[in-house]
*Asks:* 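The structure follows.
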Amino acid sequence: VILDVPATPPGAIPTVAWRSDSPTGIPGAVEFLDQTALPQEARVLRCTTVEEVRDAIRRLAVRGAPAIGVAGAYGLVAGVQSAADAGPAEVDAALRAHAARLREARPTAVNLGWALDRCQAAARHERSGASTVAAVLAQAREIQAQDEAACAAMGRNALPLLRHGGTYLTHCNSGRLATAGIGTAFGVFVTAMAAGLSPKVFVGEVRPLLQGARLTAFELAERGIAGCLIPDTAAGALLASGRIDAVFVGADRIARNGDTANKIGTYALAEIARANCVPFHVVAPTSTLDAEIPDGSFIPIEERDPREVLAFRGVRSAPEGFPVWNPAFDVTPAHLIATVVTELAVHTPPYDFARRPAGR
Ligand code: MRU
């Protein structure tokens, strides 16, 4: 069976796209579906500078580990394209400065640094400004195309973990809005739907920024998949009820031993899933593996602005200035993870991601 589902549903705005009127692609701009406005409004955000792209990543106008990798790569193109007429030394300096600026936009997802490294490596042997810009654009496009293919492969690889008519729980948003394809964990449900398995998917709201309520519920509707939104606080009762066949989540960084950083709240789900004998699966491309770090204690965890917790879209829900701790991610220890599904394989414990496959 060919399970070929388009990354962007017909008529919808793509998550990330490089747009240009020129056949060379230069000059151009990177366009995002502005995720801060979803689901009320589907609008395009057009960025032509590194600072605009960096700001879009920081504000979560574009978000999700693989998607910010692609966004960062195109951000680099946006930054160096104005230097196309400059000499190699000047372009190289611009490339390094822009990459450093984009890299620090968000710390946890390793895909961002990974994509920027790839673009810089692709430009290393270029002798002119114009060829450097062309090489970075070609690399950014390749990263995007590879992620789209990786999503499709992860969906296919995970299919044996599902049953006909199964009910699943996911967290945050790992769909087309978080990747260049159909998604990581969410892509598994899209693939299952295409395979006729009719999955049903529960998702929590994901406080404080509501990626579950705003984005995953939006994508479930967009794909025609049966869904049910729960308050985050209902996850324990749901997992204890016996209605959930398995939990599928994405990842922002996976250490060598399988410890996995993902959206805050993932760790709690993993513990409750274990306590209720519900299998807990992580679905992520090999670009999310960090072979440099032995375990999850080395993963930098982003802490975000307290104002995100004190108010939502300007409506305050707590006393002004009250102390807040707002970590964006947590680490799920490897021993709670039944499988890690990548585009290459379904891994089972003990995990050892010491070697990243060549060329990735
Ligand atoms: O803070 P966000 O919205 O970027 O967090 C995203 C997630 O946690 C996703 O689950 C993750 O990036 C992996 S799935 C593509």
Side-chain angles (χ1 to χ4, degrees), residues 7 15-16 32-36 38 54 56-72 105-115 143-144 147-148 150-152 154-155 158 169-190 201 203-219 232 247-254 260-270 280-290 299-305 308-309 326-332 337 340-343:
T15 300
V16 185
F32 303 112
L33 168 55
D34 184 349
Q35 298 188 33
T36 62
L38 288 174
R54 183 174 183 272
I57 295 172
R58 286 176 71 91
R59 290 189 301 109
L60 274 50
V62 59
R63 38 129 326 267
I68 63 174
V70 176
R106 294 193 78 189
T108 302
V110 74
N111 309 61
L112 177 57
W114 168 86
I143 289 168
Q144 183 170 24
D147 189 61
E148 182 173 359
C151 286
M154 285 182 273
L169 174 63
T170 190
H171 192 57
C172 197
N173 173 267
S174 62
R176 69 137 177 137
L177 296 171
T179 65
I182 56 172
T184 58
F186 190 90
V188 174
F189 308 133
V190 174
V201 180
V203 63
E205 294 173 288
V206 185
R207 299 262 164 178
L209 297 179
L210 305 184
Q211 289 94 330
R214 294 190 304 109
L215 308 178
T216 297
F218 171 85
E219 280 201 58
D232 296 323
V247 181
F248 286 89
V249 298
D252 287 76
R253 195 187 289 239
I254 302 176
T260 293
N262 192 50
K263 175 54 56 192
I264 191 74
T266 303
Y267 165 58
L269 293 184
F280 186 91
H281 303 290
V282 170
V283 186
T286 51
S287 57
T288 303
L289 303 177
D290 187 351
I299 300 177
I301 300 295
E302 174 184 13
E303 290 192 20
R304 294 185 60 86
D305 195 323
E308 291 180 348
V309 183
N326 186 20
F329 300 94
D330 57 26
V331 175
T332 297
I337 301 171
V340 174
V341 180
T342 71
E343 72 275 30

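Keep in mind that what you see is a predicted model, and the values were worked out from it rather than measured. Each ligand, and each atom within it, is numbered from 1 in the order the structure gives. Start at 1 with the first residue, then count along the sequence.
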*Asks:* Numbering the atoms of ligand 1 from 1, which are under 4.0 Å from a heavy atom of Q211?
*Replies:* 1 (O), 2 (P), 3 (O)
*Asks:* Looking at ligand 1, would A109 count as a contact under a 4.0 Å heavy-atom criterion?
*Replies:* no
*Asks:* Donor-acceptor check, side chain of E219 to backbone of L177, threshold 3.5 angstrom: yes or no?
*Replies:* yes
*Asks:* Quiz question: by atom type and distance under 3.5 Å, do the side chains of E308 and N326 form a donor-acceptor pair?
*Replies:* yes
*Asks:* With respect to T184, determine whether any N or O atom, backbone or side chain, lies less than 3.5 Å from an N or O atom of ligand 1.
*Replies:* no
*Asks:* To check your reading of the model: name the closest protein heavy atom to atom 11 (C) of ligand 1, its residue, and the distance in Å.
*Replies:* D252 OD1, 3.0 Å
*Asks:* Heavy-atom distance under 4.5 Å between the side chains of F280 and L269, does that happen here?
*Replies:* yes
*Asks:* Quickly, which of R63, R59, Q211 forms a side chain to side chain donor-acceptor pair (under 3.5 Å) with Q35? Name it, please.
*Replies:* R63
*Asks:* Nearest protein heavy atom to atom 3 (O) of ligand 1, by residue and atom, and its distance?
*Replies:* R63 NE, 2.6 Å
*Asks:* How close does the nearest protein non-hydrogen atom get to atom 10 (O) of ligand 1, and which residue and atom is it?
*Replies:* N262 OD1, 2.8 Å
*Asks:* When rounded to the nearest 0.5 angstrom, what is the spacing between CZ in R106 and CZ in R54?
*Replies:* 12.5 Å
*Asks:* Give the atom numbers and elements of ligand 1 that come within less than 4.0 Å of a heavy atom of P66.
*Replies:* 15 (C)
*Asks:* For G250, counting its heavy atoms only, list the atoms of ligand 1 lying under 4.0 Å from any of them.
*Replies:* 13 (C), 14 (S)
*Asks:* Quick one: CG on N111 to CZ on R253, what's the gap to the nearest 0.5 Å?
*Replies:* 9.0 Å
*Asks:* At a 4.0 Å cut-off, with the gap strictly under it, does some heavy atom of F186 reach an atom of ligand 1?
*Replies:* no
*Asks:* Do side-chain atoms of D330 reach the backbone of Y267 as a donor and acceptor pair under 3.5 angstrom?
*Replies:* yes
*Asks:* Give the atoms of ligand 1, by number and element, whose distance to some non-hydrogen atom of F329 is under 4.0 Å.
*Replies:* 1 (O), 5 (O), 8 (O)
*Asks:* Just need the protein heavy atom nearest to atom 12 (O) of ligand 1, so name the residue and atom and give the distance.
*Replies:* A65 N, 2.8 Å
*Asks:* Just heavy atoms, cut-off under 4.0 Å: does S174 contact ligand 1 by side chain, backbone, both, or neither?
*Replies:* both
*Asks:* To the nearest 0.5 angstrom, please state how far the CD1 atom of I254 sits from the OG1 atom of T260.
*Replies:* 4.0 Å
*Asks:* Below 4.0 Å from any atom of ligand 1, is there a heavy atom belonging to N173?
*Replies:* yes
*Asks:* For ligand 1, which atoms, with element, lie under 4.0 Å from some heavy atom of G64?
*Replies:* 4 (O), 12 (O)
*Asks:* Return the residue, atom name and 0.1 Å-rounded distance of the protein heavy atom closest to atom 4 (O) of ligand 1.
*Replies:* R106 NH1, 2.7 Å
*Asks:* Under the 3.5 angstrom rule, does the side chain of T216 hit a backbone N or O of C172 as a donor-acceptor pair?
*Replies:* yes
*Asks:* Say whether T179, considering both its backbone and side-chain N or O atoms, lies within less than 3.5 Å of an N or O atom on ligand 1.
*Replies:* no
*Asks:* Against ligand 1, does A328 come closer than 4.0 Å with any heavy atom?
*Replies:* no
*Asks:* For P327, is there any backbone N or O sitting under 3.5 Å from a side-chain donor or acceptor partner on E302?
*Replies:* no
*Asks:* Test of understanding: given a 4.0 Å heavy-atom threshold, classify the contact between A251 and ligand 1 as side chain, backbone, both, or neither.
*Replies:* backbone
*Asks:* Roughly how far, to the nearest 0.5 Å, is the OG atom of S174 from the CG atom of N262?
*Replies:* 8.0 Å
*Asks:* Can you tell me the protein heavy atom closest to atom 5 (O) of ligand 1 and the distance?
*Replies:* K263 CE, 3.3 Å
*Asks:* May I ask you to list the atoms of ligand 1 that are less than 4.0 angstrom from any heavy atom of A178?
*Replies:* 15 (C)
*Asks:* Any chance you could measure I299, atom CD1, to D252, atom CG, to the nearest 0.5 Å?
*Replies:* 9.0 Å
